[in-house]
Amino acid sequence: MTIFDKIINKEIPAQIVFEDEKCLAFRDINPQAPVHVLLIPKRPIPTMNDVQPSDAELMGYLMVKAPEIAKQLGVAEKGYRLVINTNAHAGQTVSHIHIHIIGGRALSWPPG
Ligand code: AMP
């Protein structure tokens, strides 16, 4: 059980921008850009290393939803970044897969 399960269960508040039966998208509490949303599966997969072949449909679903949400948030045309941090070296702090949707300003590359 992570803090994201509590957001899914509406036990703690979040600024939800999209929800359906499979996934939830909400604004990051510590935004790194004008638009910073986290898209999560409702099924609690801890990290990308835990993704199984049986998760292929769900993971593909998230990849379809991410650009739809980027369009909804008005960043699709100018551009945005999708990030999935995995484990310590990438700075993953919540053990529930989340896709960062980051945009609204020019982003530097490569990441630090
Ligand atoms: P990561 O470092 O990739 O694991 O990202 C975790 C993200 O979750 C960070 O960007 C946090 O700011 C964000 N976060 C943590 N708690 C909350 C919360 N209660 N509501 C919204 N975002 C959160």
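All residue numbers refer to positions in the sequence shown, counting from 1. Order of appearance sets the numbers: ligands from 1, and atoms from 1 within every ligand.
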Quiz item: Does some non-hydrogen atom of Ile7 fall short of 4.0 Å from ligand 1?
Solution: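 A heavy atom of Ile7 does come that close to ligand 1.
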_With a 4.0 Å cut-off on heavy atoms, is Gln32 in contact with ligand 1?_
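Contact absent.
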If you round to the nearest 0.5 Å, how far is [atom2] of [Y] from [atom1] of [X]?
X	Y	atom1	atom2	result
Asn85	Met48	CG	CE	11.5 Å
Asp20	Lys65	CG	NZ	5.5 Å
Asp28	Gln15	CG	CD	10.5 Å
Gln92	His98	CD	NE2	5.5 Å

Ligand 1-proximal atoms of Val83, by part, heavy-atom distance under 4.0 Å: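 Neither part.
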What is the closest protein heavy atom to [atom], and at what distance does it sit?
atom	value
atom 7 (C) of ligand 1	Asp28 OD2, 3.5 Å
atom 1 (P) of ligand 1	His98 NE2, 3.0 Å
atom 2 (O) of ligand 1	Gly91 O, 2.8 Å

* Whether Glu77 side chain and Gly79 backbone form a donor-acceptor pair below 3.5 Å ->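 The answer is no, because no donor-acceptor pair under 3.5 Å joins these two groups.
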Does the plane of the ring in His36 sit parallel, tilted or perpendicular to the ring in His100? Use 30° and 60° as the thresholds.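 The arrangement is tilted - the two ring planes meet at 30° to 60°.
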### Query
Among Ile69, Ile102, Val35, whose side-chain contact (heavy atoms from CB on, under 4.5 Å) with Val75 holds?
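Only one option passes, and that is Val35.
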In ligand 1, which numbered atoms sit nearer than 4.0 Å to a non-hydrogen atom of [X]?
X	answer
Val94	4 (O)
Asn30	12 (O)
Phe4	8 (O)
Leu38	7 (C), 8 (O), 13 (C), 22 (N)
Gln92	4 (O)
Arg27	21 (C)

- Can you check whether Ile29 has an N/O within less than 3.5 Å of an N/O in ligand 1?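 Checking ligand 1 against Ile29, an N or O pair does fall under 3.5 Å apart.
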Intermediate values then yes/no, salt bridge (Lys or Arg N to Asp or Glu O under 4.0 Å), Glu68 and Lys71: CA-CA 5 Å; Glu68 288 181 9; Lys71 284 173 198 154; over 6 Å; no
(request) Select the closest option to atom 4 (O) of ligand 1 among Ile99, Ile40, Thr93, Ile3, judged by heavy-atom distance. (result)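 The nearest heavy atom belongs to Thr93.
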